[in-house]
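Okay, structure first, notes after.
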2 protein chains.
Amino acid sequence: MKLSTRTRYGIRAVLELAENYNSGPIQLKTIARHQGISVKYLEQLMAILKSAGIVSGLRGSKGGYILTKSPDQIRLSDCFNCLEGPVITVECVENNNFCPRTCDCIARTVWAEIQKTVMDVLQSITLQSLLDKSKPNENLHYQI
Amino acid sequence: MKLSTRTRYGIRAVLELAENYNSGPIQLKTIARHQGISVKYLEQLMAILKSAGIVSGLRGSKGGYILTKSPDQIRLSDCFNCLEGPVITVECVENNNFCPRTCDCIARTVWAEIQKTVMDVLQSITLQSLLDKSKPNENLHYQI
DNA sequence: TGTATTCCTATTATATTAGTAGTATATTAT
DNA sequence: ATAATATACTACTAATATAATAGGAATACA
């Protein structure tokens, strides 16, 4: 269960937008430079975040990206879900018809429990709460 | 974060061994038939479980596999760890030297928290506790 | 000795992730 | 208007990991 760079980079980018909330749009080339990611790859990640309604893009000169909501209204679970997909993918947890014994299967209950547990953690964390934690050091740009 | 067939099949196999604990060695061809997995692939999964000390193999005619400990002494976390690896793989969580800002990084603390949360769930579940749950229906063979 | 089983190693197939590239479209500034 | 700048969109390529197959060696039992 490896965390993809898609999710790691994407969340780093969103955190940088949160850090600059209310300072106007931030351009991808800026984020790319700070985070050591290519602009082109970032574009694709932002497209995902955009279609999830987390960010919006402004074209043209002086354009860039902004958060659609304030950092205290965006949960880590929102970002994680669209970038990474379901926390733990086992077909039978999502699709009751996948297996004839779904309603009795014991292991399925384990995967479902894990899924819920992780979602609870991610839902309890907002971008703002993460920023607040980091303020003293301001080391936001570096690695996730 | 998809769960690999390696883990799903491996845990199914271990559960079948648990189900037959004290009935002598169970052969891979039997498990393979019940679970709809090839013997050859199962061999590789059992090799992993064997090197983790969870099962042991007995060669030759009338051979097969047995659990090295009773089902109430084997935790799901033991099986999961060796089959799937760390719950959530982010280099910096395992390796403090991966990133220069490890000690301050906020996102790292999130991944670490999730890792711990999931491990707590897996550690709280033994093979026996799963068997006890399923006894009434005996649907152990089917899909995980 | 023959049969059945695990054990070991190599190879292939498939899917997913990661990343690059090119062009179109929109916005701003001159 | 035109040039410059940035996102938007789509296609392609590379790298990696998973999943599965295959062949033969070693061991145990009858």
Legend entry - Donor + acceptor pair across side chains of E84(A), S4(A) (<3.5 Å): yes
Inset, instruction - Determine: side-chain N/O of Y9(B) to OP1/OP2 of dA20(D), distance under 4.0 Å, yes or no. - result: yes
Legend entry - For atom CG of L17(A) and atom C1' of dT7(D), their distance in whole Å: 14 Å
Inset, instruction - Locate the shortest heavy-atom distance separating I74(B) from K69(B); write the atom from each residue and the value. - result: CD1-O, 3.7 Å
Inset, instruction - Using atom CZ of R6(A) as one end and atom P of dT16(D) as the other, report the distance to the nearest whole Å. - result: 17 Å
Got a list of side-chain donor-acceptor pairs under 3.5 Å for residues 44-66 of chain B, not counting sequence neighbours?
unit_1 : atom_1 : unit_2 : atom_2 : d
S51(B) : OG     : A47(B) : O      : 3.4
S51(B) : OG     : I48(B) : O      : 3.0

Legend entry - CD-CZ distance between E113(A) and R108(A), expressed to the nearest 0.5 angstrom: 13.0 Å
Inset, instruction - Figure out the CG/P separation between L3(B) and dA17(D), and round it to whole Å. - result: 18 Å
Inset, instruction - Measure from NZ on K50(A) to P on dA6(D) and round the result to the nearest Å. - result: 17 Å
Legend entry - side-chain hydrogen bond (donor to acceptor under 3.5 Å, both in side chains) against Y41(B), all qualifying residues, sequence neighbours excluded: T5(B)
Legend entry - Nucleotides bounding contact with chain B, strand DNA chain C, heavy-atom threshold 4.0 Å: dA4(C) to dT16(C)
Inset, instruction - Would you give the length of the straight line joining atom CD of Q35(A) to atom CG of L15(A), rounded to the nearest 0.5 angstrom? - result: 8.5 Å
Inset, instruction - Please list, by residue number, the residues of residues 57-71 of chain B whose heavy atoms come closer than 4.0 Å to an atom of DNA chain D; answer none if no residue qualifies. - result: R59(B), G60(B), S61(B)
Inset, instruction - Using only heavy-atom distances, determine whether the side chains of Q123(B) and S77(B) contain a donor-acceptor pair under 3.5 Å. - result: no
Legend entry - L127(B): which of L67(B), I11(B), L17(B) passes side chain to side chain contact (heavy atoms under 4.5 Å, CB included): L67(B)
Legend entry - Interface with DNA chain C, restricted to residues 36-45 of chain B and to heavy atoms under 4.0 Å: K40(B), E43(B), Q44(B)
Legend entry - Gap between atoms NZ and C1', on K2(B) and dT16(D) respectively (whole Å): 14 Å
Legend entry - Distance-minimising heavy-atom pair for C79(B) and V14(B): SG-CG1, 4.1 Å
Legend entry - Minimum heavy-atom distance between Q73(A) and D78(A), given as atom pair plus value: O-OD2, 4.5 Å
Legend entry - Under the salt bridge (charged side-chain N to carboxylate O under 4.0 Å, His left out) test, residues paired with D72(A) that sit two or more places apart: none
Legend entry - Rounded distance in Å - CD (E84(B)) to P (dA17(D)): 14 Å
Inset, instruction - Send over the distance from L49(A) CG to dC9(D) P, rounded to a whole Å. - result: 14 Å
